[in-house]
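Working notes, beginning with the structure itself.
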Amino acid sequence: MAKLHLITYGCQMNEYDSERVAGLLRERDYELTADEGDADVILLNTCAIREKAEDKVFSKLGELRALKRDKPSLLIGVMGCMAQLRKGAIQQRAPIVDLVFGSPAIARVGELVERARREGRPVLDVGEAPLVKVTSRPGRPGPKAFVTVMEGCDKHCTFCVVPRTRGRERSHPPEAIVAEIEGLVAEGCREVTLLGQTVNAYGRDLTPPTDLAELFARVNDVEGLARIRFTTSNPYNLTPALIRAIREVEKVCEWFHLPLQSGSDRVLARMNRGYTRARYLELVDALREAEPALAFSTDIIVGFPGETEGDLEATLETIERVSYDNVFVFRYSPRPGTPAAAMPEQIPDEVKARRNARVLDVVQRVTAARSRLLAGRTMEVLVDGTSRKNPGELSGRTRCNRVVNFDGAGRTTVGDIVPVQVTEVLPHSLRGALATPEEAVCWSK
Ligand code: SAH
Ligand code: F3S
């Protein structure tokens, strides 16, 4: 068998796409290798969301030059968002690249690789293509899996390159999604994360139209599945029906990733996010009222063009007010072709760095306070592996998406859902002890 080495950058959707590519190439007798020196084909699945993500890819391509020199038959391909954004410019800057293809071409990856090997000249495939649900996988899934339910995004956030790299919103039919999940569950999967760039806009482009709440209900009926997660939602499309579904659909977990980006109305308007801080807080309150156990996480951008110290204060206040369980903070990065990149009042790097540190300070305080609330609680944990620091310990996640490490070897194993009592609250994880089901307070709804 020929050897494939896959390097994945960026979001969960890329992880999902990489699995599909590995599955499709497996059908053509390529097996995965963790060792790039051993590979016949190296594919980089790339991200273009921030400049840093692109820099990483070019620096990796630079590193691969030596490998290609020693082994000229090695095929190097670049796929994903950068491929779609930069197209032929990638091969110009990094001539070792033999193949460039965007996500619409994933279904054809087998042919593309063969063509690049056969023709021995650069192959480029970054056009639009009809949406196909590729479900091929390289091996058995673990207890958790991602499932893409829609591609693309129709929003026009002024900072974001995704509508350019992933195209328009297109939903997969519910039947195809349910069939994929049934297949995963038959192989031992217990938890799925439904993925979309604006996952709560799911289904409005289908005939007949449907929505994420209805999809939850259908996925909930898949026997053997224990948990449903979904990401990423946009506050703009958050409907009362979805809020109700989060409360009522049993397998939907008590965790909601709801990007805020900024707590300042002035900045939100310039970002074209379609909501105000007041509206966002109203949604959070409605969600918490519907499901008091709900944990929130969010994305924040600091240093958006024109952001003042006052705007930053508004963001800090909002973070405190919502009291998130987890916050991802990004420094604004101008992206080609986006309106914000051409806005005046770009913020210098050192100001972005300072604001980033200030946000992280508040985040650390807020999330630590949330963590302390969990001390002593017994929670439902899906065991998904061993602890990163101590391989003798098991690790898993609560329904509210917290990592818990605990000593359970011999008594429970990967794929089990067990009650664990939190015995220690650490900065990035929890430690716990296996408990009895009767003690579990957040076992399920
Ligand atoms: N579809 C998702 C966004 C995907 S990008 C959503 O609607 O939230 C993930 C996160 O990257 C965004 O939420 C945003 O916080 C950040 N991001 C996107 N573009 C960025 C840019 N140009 N600079 C810095 N951060 C950015
Ligand atoms: Fe990007 Fe906004 Fe869509 S952040 S992915 S344009 S919702």
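Both ligands and their constituent atoms are indexed starting at 1 by order of listing.
In summary, H156 places no N/O/S atom under 2.8 Å from atom 2 (Fe) of ligand 2, failing the contact criterion.
The side-chain tip of R204 does not point at the ring of Y202 from less than 6.0 angstrom away and within 45° of straight on. Taking the ring axis of F58 as reference, the NZ or CZ atom of R93 stays within 45° of it and closer than 6.0 Å to the ring centre. Judged by the 6.0 Å distance and 45° axis criteria, R50 is positioned over the aromatic ring of F330.
Short contacts between ligand 2 and C153, defined as distances under 4.0 Å to a heavy atom of the residue, involve ligand atoms 3 (Fe), 5 (S), 6 (S), 7 (S). Each of the following atoms of ligand 1 lies closer than 4.0 Å to a heavy atom of R50: 11 (O), 16 (C), 17 (N), 23 (N), 24 (C), 25 (N), 26 (C). The ligand atoms of ligand 2 that sit less than 4.0 angstrom from a heavy atom of P163 are 6 (S).
Using a 3.5 Å distance cut-off with no hydrogens or angles, the side chains of R28 and Y30 do not pair a donor with an acceptor. Side-chain atoms of N390 and S387 include no donor-acceptor pair closer than 3.5 Å. A side-chain N or O of S371 and one of R402 form a donor-acceptor pair less than 3.5 Å apart. Side chain to side chain, D299 and H257 meet the donor-acceptor criterion of an N or O pair below 3.5 Å.
The side chain of R335, and not its backbone, has at least one atom closer than 4.0 Å to an atom of ligand 1 (non-hydrogen atoms only; side chain from C-beta on). In I49, the parts holding a heavy atom less than 4.0 Å from any atom of ligand 1 are both the side chain and the backbone. Heavy atoms of F330 found under 4.0 angstrom from ligand 1 belong exclusively to the side chain. With a 4.0 Å heavy-atom cut-off, ligand 1 is reached by the side chain of P259 but not by its N, CA, C or O.
In terms of polar-atom proximity, I300 is not counted as a contact of ligand 1, lacking any N or O under 3.5 Å from an N or O of the ligand. Considering backbone and side-chain atoms alike, Q261 places an N or O below 3.5 Å from some N or O of ligand 1.
Looking from atom 23 (N) of ligand 1 to the surrounding protein, the closest heavy atom is S333 N, 3.0 Å. Among all non-hydrogen protein atoms, the one lying nearest atom 2 (C) of ligand 1 is Q197 O, 3.5 Å.
Contact annotation: R331 has at least one heavy atom less than 4.0 Å from an atom of ligand 1. Taking a 4.0 Å cut-off on heavy atoms, Y236 fails to register as neighbouring ligand 2.
Comparing V329, T158, V302, D299 against atom 13 (O) of ligand 1, the shortest heavy-atom distance belongs to D299.
A salt bridge links E54 with R86: at least one charged nitrogen is closer than 4.0 Å to a carboxylate oxygen.
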